[in-house]
Amino acid sequence: MQADNEDLPFKSSSFDAYIANFSLMIVPDHKKMLSEAYWVIKQDSIAAFSVWGWKENSPYFSII
């Protein structure tokens with residue numbers, strides 16, 4: 001399934017974990033994405049996000 005991470009089509013507390021790789025830094029509204037992540041995970045669950053560092057410190061940034 002493909003979904004907009006700023007407007008997830010899932011009910012509250014649907015998941016035990018939320019993982020987002022390299023998307024938090026490119027969404028128009030990162031606060032909305034975090035809010036949606038919090039909305040769909042169950043209480044005491046885990047959310048994980050990975051992001052690139054500053055462009056100047058990431059020599060491979062231009063690959064994507």
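On a predicted model such as this, the values are computed, not experimentally measured, just so you know.
Under the 4.5 Å side-chain heavy-atom criterion for grouping Ile, Leu, Val, Met, Phe, Trp and Tyr, L24 is not connected to I19 through any hydrophobic cluster.
By the salt bridge (charged side-chain N to carboxylate O under 4.0 Å, His left out) test, D7 pairs with no residue at all, sequence neighbours left out.
With hydrogens and angles ignored, the 3.5 Å screen pairs a side-chain donor or acceptor of E6 with a backbone N or O of D29. A donor-acceptor pair under 3.5 Å is formed between the side chain of S14 and the backbone N or O of K11.
Taking the six-membered ring where tryptophan is involved, the planes of Y18 and F49 are tilted, since the angle between them lies from 30° to 60°.
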Would you tabulate the side-chain donor-acceptor contacts of residues 33-42 under 3.5 Å, counting partners in other chains and residues two or more places apart, or write 'none'?
from: E36; atom 1: OE1; to: L8; atom 2: N; distance (Å): 2.7
from: E36; atom 1: OE2; to: K32; atom 2: NZ; distance (Å): 3.2
from: K42; atom 1: NZ; to: D16; atom 2: OD1; distance (Å): 3.2

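Using a 4.5 Å heavy-atom cutoff, the side chains of F22 and S50 are in contact.
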